[in-house]
J.: 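Submitted below is the structure of interest, expressed as structure tokens.
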Number of protein chains: 2
Amino acid sequence: MATIKDVAKKANVSIATVSRILNHKEGYTEETRKKVLQTIEELGYHPNGVARGLISKRTNTIGVLVPSISSMIVSEMVSGIENVAHQTGTSVIVCHTESNGKKTMQYLHLLKEKQVDGIIFTSEILKNEYYEFLNKFNIPVVLLSSESINLPVPHVKVDDRLAAYHATEYLIKQGHSKIGMVSGNRQDMIAGLPRIEGFKMAMEMNQVPLSESLIVSGRGFSFKDGSEAFEKLISAHPELTAVFAASDEMALGIISKAHKMNIDIPGRLSVIGYDNLAISEMSIPPLTTVAQPMLKMGESAGEMIMNMINTGTVPENCIVSHKIVERESVKKIN
Amino acid sequence: MATIKDVAKKANVSIATVSRILNHKEGYTEETRKKVLQTIEELGYHPNGVARGLISKRTNTIGVLVPSISSMIVSEMVSGIENVAHQTGTSVIVCHTESNGKKTMQYLHLLKEKQVDGIIFTSEILKNEYYEFLNKFNIPVVLLSSESINLPVPHVKVDDRLAAYHATEYLIKQGHSKIGMVSGNRQDMIAGLPRIEGFKMAMEMNQVPLSESLIVSGRGFSFKDGSEAFEKLISAHPELTAVFAASDEMALGIISKAHKMNIDIPGRLSVIGYDNLAISEMSIPPLTTVAQPMLKMGESAGEMIMNMINTGTVPENCIVSHKIVERESVKKIN
DNA sequence: CGACTCTACGTAAACGTTTACTGAAAGGGT
DNA sequence: ACCCTTTCAGTAAACGTTTACGTAGAGTCG
């Protein structure tokens, strides 16, 4: 395999010159540049990124930690990250952590050993342990679709509380006043609690009757969780005309279960979801839902981490805006 | 940042000894081992993978090239790959190539520069240009859910023709004799043509009437493609009682369109899909489909590439078995 | 007790780059 | 003609490891 030395020898110059040419520094004539470039061509030489990384302390690689939640929700964000990373010749190592925290620490070690330039934490809370590790080694971090209350780590996310507020308000504006919520895990400080709060807030602000029994939460945010939680909800509150689901998958679970129970959607029951996954336009009926711009969020996170790496500064948090995409699962009533 | 030198100095040994201890070679007493391990702990030393990679010519990193097709179909395979990779401390760089071929070559260059130990090509045909490049630099490759007729590159995939044959035969066994197919891109030598062939073969072998107009193909394999192709198919052949869709997404498109046209599924029309994506159990009705064991395929491909890397030998191809998972979108008739 | 074999460890080269430093030649001003 | 500056280019150190080779001391054996 040809190295920079081979090129230098064959072109009758020093390796320094070759390096300079490759890196577009100055200090050579157009003539030698041509000559070197040509022998590079002849030799089929490609620079060795590992050697470069060793001395430059930059690997042009970032790590992304994602939990093994719905692959659908994650893959778009990762695409966004890759989009901006690849523009600068940076590549992305994705690590799927199980909810199990031990694996996360392992991956952190792995990524540190690989000398990644930065790490993006996705949809996962940043434990102190993780932060200390990263901080100790000066590895830039950004949180994507997550946040940290106490640690000085920048994040990009949508305002879940506000989005849930809007979703609920949307239902109310369509004339609904008997509204329930199928929530995700209440313990989840990122996607669980805030959405519940937003729901409650919208109900209260609009003087819609609200009781705790109108909110039933699942174990997670999955299809099955949604389906099961909905069953409880609807049997306790058969009068409901609308439901806010904390995720699209849950909304699909609701639709599926409702179908089995012969509850027409949106005829008798309206459903609004949360996420705007690709599948939400494939459902019957197509799902009205609040859209998180996953791709854009990924891109923002990518840009943030790149900035941190390049400038060493800590950027501002980025709250991206959600919007409600209206399809056919919510009916206007009255 | 602590290096091996710091450890050596503080522990009063040479760097060689530290290295030997770290790599579990022989040549030191238990006593010195303890001492070194302890100072490693004290210093918070972590080995630098880049430096190691430079000399050992192994980066413990593999690249995975995936086309930007349905993210759903891809993410499981990637998970499989990661599963086996991570077991040996290897990490995975995923590159999303657009169908556009130029980007693929770019990524190949990137991955070569990063000195990945091997590359997995997913759902993409291996052009000669790619192969030559990889071959020139001796980078192991395996094809996942793809194959090459003329190039000596091992692959893992299901037998698409056979699987399509079985899917069609399944329909026939349920009593259907008026069967159409909504196929993907005919030009696609991997997932397009073979599935059509399998369909035809099953029809012929079972003496079910077959005409070219019973097969209408979409541009790709998407929801929309399925929906559009189905519209054409059903208007030309309103007598159909069953359809074989070349992908689950297409099947969902069919179901959705059928719903709009007031065609009951499976009451009046049975549908069988292909892929067994997560969403196929979320549809109404839940989709009967051909399951490709994506996760397992990813794992097999991962194992194959690891083998190639470690032994330098070329493993056998791996044809994994599909199976039909029966849900509720196909009705038995007569 | 000398020769020989192990064992435990150190020395230094190598991996393929980047870059600070140095130097030579050329050009320009007086 | 001399000095100063600029431009082009080479030398060598450094990055943090692994590893081939060398060596000193301890143990074994006749």
Side-chain angles (χ1 to χ4, degrees), chain A residues 1-37 39-40 43-61 89 109-117 137-139, chain B residues 1-37 39-40 43-61 89 109-110 112-117 137-138:
Chain A
M1 194 114 357
T3 75
I4 199 173
K5 280 185 199 162
D6 302 320
V7 175
K9 197 179 299 176
K10 178 144 191 226
N12 273 318
V13 295
S14 73
I15 58 174
T17 300
V18 179
S19 176
R20 278 189 286 256
I21 291 171
L22 249 21
N23 294 289
H24 307 104
K25 310 226 158 152
E26 49 189 15
Y28 46 85
T29 59
E30 179 59 19
E31 191 188 4
T32 59
R33 183 172 156 275
K34 282 244 177 71
K35 186 177 55 178
V36 168
L37 251 27
T39 67
I40 283 179
L43 259 41
Y45 164 77
H46 286 254
N48 180 327
V50 174
R52 174 181 304 154
L54 180 57
I55 189 154
S56 70
K57 270 123 175 25
R58 266 266 240 164
T59 51
N60 291 320
T61 307
H109 279 104
L110 183 67
L111 292 174
K112 190 265 180 286
E113 176 164 341
K114 286 252 160 68
Q115 313 288 121
V116 295
D117 300 327
F137 295 112
N138 263 307
I139 304 175
Chain B
M1 195 114 355
T3 74
I4 200 175
K5 280 184 199 163
D6 302 321
V7 174
K9 197 179 298 174
K10 180 144 190 227
N12 275 317
V13 295
S14 73
I15 58 174
T17 300
V18 179
S19 176
R20 277 189 284 256
I21 291 171
L22 250 19
N23 294 289
H24 306 103
K25 310 227 159 153
E26 49 189 12
Y28 46 83
T29 60
E30 179 58 18
E31 191 187 3
T32 60
R33 182 171 157 275
K34 282 243 178 73
K35 186 175 55 179
V36 167
L37 252 26
T39 68
I40 283 180
L43 258 40
Y45 164 78
H46 286 254
N48 181 327
V50 174
R52 173 182 304 154
L54 180 57
I55 189 153
S56 71
K57 271 124 175 25
R58 266 265 240 164
T59 52
N60 291 320
T61 307
H109 278 104
L110 183 66
K112 190 264 179 286
E113 177 165 339
K114 287 253 159 67
Q115 313 287 121
V116 295
D117 301 328
F137 295 111
N138 263 307

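What you see below is based on every heavy atom in this structure, not just the backbone, and it leaves out hydrogens, waters and symmetry mates. First the proteins, then the strands, lettered A, B, ... as listed; each starts at 1.
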J.: Can you list the residues that meet the salt bridge (Lys or Arg N to Asp or Glu O under 4.0 Å) rule with B:Lys9, with sequence neighbours excluded?
T.: none

J.: Who pairs with A:Glu26 by salt bridge (Lys or Arg N to Asp or Glu O under 4.0 Å), at least two apart in sequence or on another chain?
T.: none

J.: Using only atom types and a distance under 3.5 Å, with no angle test, would you say the side chain of B:Ser19 pairs donor to acceptor with the backbone of B:Ile15?
T.: no

J.: Measure the shortest side-chain to side-chain distance between A:Glu113 and B:His46 over non-hydrogen atoms and say whether it is less than 4.5 angstrom.
T.: no

J.: For B:Glu31, enumerate each residue passing the salt bridge (Lys or Arg N to Asp or Glu O under 4.0 Å) test, keeping only those at least two apart in sequence or located in another chain.
T.: none

J.: Taking atom P of D:dC8 as reference, at what distance in whole Å does atom CD of A:Glu26 sit?
T.: 8 Å

J.: C:dT19 P sits how many Å from A:His24 NE2, rounded?
T.: 14 Å

J.: Report each atom pair, protein N/O against N/O of nucleotides 16-22 of chain D, whose distance is under 3.5 angstrom.
T.:
from	atom 1	to	atom 2	distance (Å)
D:dG16	OP1	A:Lys57	NZ	3.2
D:dT17	OP1	B:Tyr45	OH	2.9
D:dT17	OP1	B:Asn48	N	3.2
D:dT17	OP2	B:Ile4	N	2.7
D:dT17	O5'	B:Tyr45	OH	3.2
D:dT18	OP1	B:Asn23	OD1	3.4
D:dT18	OP1	B:Asn23	ND2	3.1
D:dT18	OP1	B:Arg52	NE	3.1
D:dT18	OP2	B:Ser19	OG	2.5
D:dT18	OP2	B:Asn23	ND2	3.3
D:dT19	OP2	B:Lys25	NZ	2.5

J.: Look at all strands and tell whether B:Asn12 reaches a base, only sugar-phosphate, or nothing, counting heavy atoms closer than 4.0 Å.
T.: sugar-phosphate

J.: Within the side chain of B:Asp117, is there an N or O that forms a donor-acceptor pair under 3.5 Å with the backbone of B:Thr59?
T.: yes

J.: Find the bend of the helix from C:dC1-D:dG30 to C:dT30-D:dA1 as the angle between its two terminal axes (five pairs each), to the nearest 10°.
T.: 50°

J.: Restricting to salt bridge (Lys or Arg N to Asp or Glu O under 4.0 Å), what partner residues turn up for B:Lys5, sequence neighbours left out?
T.: none

J.: To the nearest Å, give me how far apart CZ (A:Arg58) and P (C:dT19) are.
T.: 12 Å

J.: Short question: side chain of A:Ser56, backbone of A:Arg52 - any donor-acceptor pair under 3.5 Å?
T.: yes

